[in-house]
Amino acid sequence: MKKQLQDIFKGFSKLSREERLNALLDAGALQAGDVEYISRGGLRDTTLGEKFIENVIGYFQLPLGVATNFRIDGKDYVIPMAVEETSIVAAVCKSAKWIRESGSITTEVVGAEIIGQIQCAKVQDFATFEKQLLAQKNYMIEISNREVAFGLVRRGGGVRDIKVRRVPRGDGSDMAVVHVLMDPCDAMGANIINQVCEFLKEPIEQFTGEKVTMCILSNLVDTKVTRAVVHIKDIDPALAEKIEEASLFAQQDPYRAATNNKGVLNGIDPVLVATGNDWRAVEAGIHAYACRDGQYRSITRWYRENDGLTGVFEAPLVVGTVGGVTTLHPTAMMCMKMLGTQSANELSRVIAAVGLVQNLGALKALTTVGIIEGHMKLHTKNLALGAGAEEREIPLVQKKLEEILTIRKRISLSNAIEVLKDLRAGQASSTTHHSS
Ligand code: MEV
C-alpha cells in the first residue's frame, strides 16, 4: 500500500540516500525509473546541454535535495531544491515542521496577466499618441489573439488589455510606453508576450505615426502577485516579538532588507532551479517589487496577531509548467512529477510558501542562537573538505572544529587547516612511534 507523505517525512534526514529514494518510491512521489535515473547521477543524454546553450563543454552539478514537512493549503508536498548552500534545506524542513505542528500555510495568486512593454522613445505629443492608440485597442487585442496568441486563447488565456503609460525622459519631455497585458495560462509566457509585442510594432507605428524603439516583457509583474501567509499559534510571546522586531528592521532599513530578501530567495531559487524555471526573472521581479514605494524593503512581513505570529510574502512569482526547460530537462520533469503541482499558479504558491518559511527559519535563528550556531555548525564539513581532509579524516576535523566553535564562537578555514595539520602530525608521530 502507498505510504502517506507525512509518514515518510519522519526521520527522513537520518536515512541514507538510497533509503530516502525508496521512501519516496513507497509514497508514490517517485517511480522506479526516476530512482534509477537519479541514482545514476541524473544525466541520461550528454548532448542535452547543446539543446539549451552554445559553446557547451560540460555540466555543472548542484546537489538536489527535498524539503519535507510542507503542508500548504492543506496539501502535503515533497519539494525539490537544487542548491549548494549548507543548511538551507535543513533549516526550511525544520521550520516547515514547526508550522505543520502549530500553524498553517495558506496561499493565493492575485491577478492573472503578465506584462509586455513597447517603447516609443520620442513621441511628438503624448496625449495624441495615447488617444490614437487607445482608439485601436480592441482591434490590436483581437489581431494579437488571432495571429499570435491563438494557442493561448484555446487554453483560456491570451491578450486581455492594452494600456499606455507616460514615462518622463528626465529632460522635461516624455516617452510613451505601451503595456500589453496577457494571461499566459500555465506557461511563463516570455516568448509569447515578446512575440505579441513585436507583432504590434507595425500597427502601432501605422496608427500613431510614431516610431517604436523596442519591445520586451517586464519582470515587474505587479499585475499578478503570489501571496503566502504563515500563521503560528502557541508561540513563545518573547520569540514572536523578536521576529516582529527583526521584520521591522528589514522593512525600514534597505541594508538589512537586502540580506533578509536573500534569505527568502534561499528558499525560492532552489525550487525554481529544480523545476527548470527562470530564477533570474523571478529574482528581478521580486527585487523590483521590494522597492515599489521608492525604498527597497523586505519582501516579507512578520507581526504578532491573535496570540500568535503571522508572516506574509507578497511578490510577483511568475513560473511555468509547460514549455521551456520545465518540459525539456529530464531532472526538472522528474522534480515536477514529484512535486505534483497541477498548474503554474499552484507551483508559484508552493514556491512563495518555501521562501516565507525559509525566512522564518533565518529570523528565528538570528534572533535566538545567532547565525553561527545554526549555520556554521553545518558548515564544518565544508571547511574540513576545503582544508583538504580525506573522507576518514572529516569527522575528526569536524569534531575538533565544533569544540573550537563552542569555545571561541567562530571558526574559519584556517582553523580547519590547522586542525588537519595537527591531526596528521599526531597520526604521523604515533605511526613513527609505533614502528620504532
Ligand atoms: C544566509 O544565506 C541567509 C541569511 O543571511 C538571511 C537573513 O539574514 O535573513 C541568514
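Just so you know, ligand 1 is whichever comes first in the structure, and atom 1 is the first atom listed for that ligand.
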Salt-bridge present ([X], [Y]; N to O < 4.0 Å):
{"X": "D422", "Y": "K400", "result": "no"}
{"X": "E314", "Y": "R227", "result": "yes"}
{"X": "R280", "Y": "D278", "result": "yes"}

Taking all non-hydrogen atoms of both residues, which atom of A416 and which atom of A384 are closest, and how far apart? CB-N, 4.4 Å
List every atom of ligand 1 that sits less than 4.0 Å from any heavy atom of E85, numbering the atoms from 1 in the order shown and giving each element. 1 (C), 2 (O)
Worked check of side chain to side chain contact (heavy atoms under 4.5 Å, CB included) between N277 and L347: CA-CA 10 Å; N277 273 287; L347 176 60; 3.5 Å; yes
Is it the side chain (CB and beyond), the backbone, both or neither of L366 that lies under 4.0 Å from ligand 1, heavy atoms counted? side chain
Should the proximity of Q358 to ligand 1, defined as any heavy atom under 4.0 Å, be assigned to the side chain, the backbone, both, or neither? neither
Identify which of I371, N266, V264 has a heavy atom lying nearest to atom 3 (C) of ligand 1. N266
Please determine if N260 has a nitrogen or oxygen closer than 3.5 Å to a nitrogen or oxygen of ligand 1. no
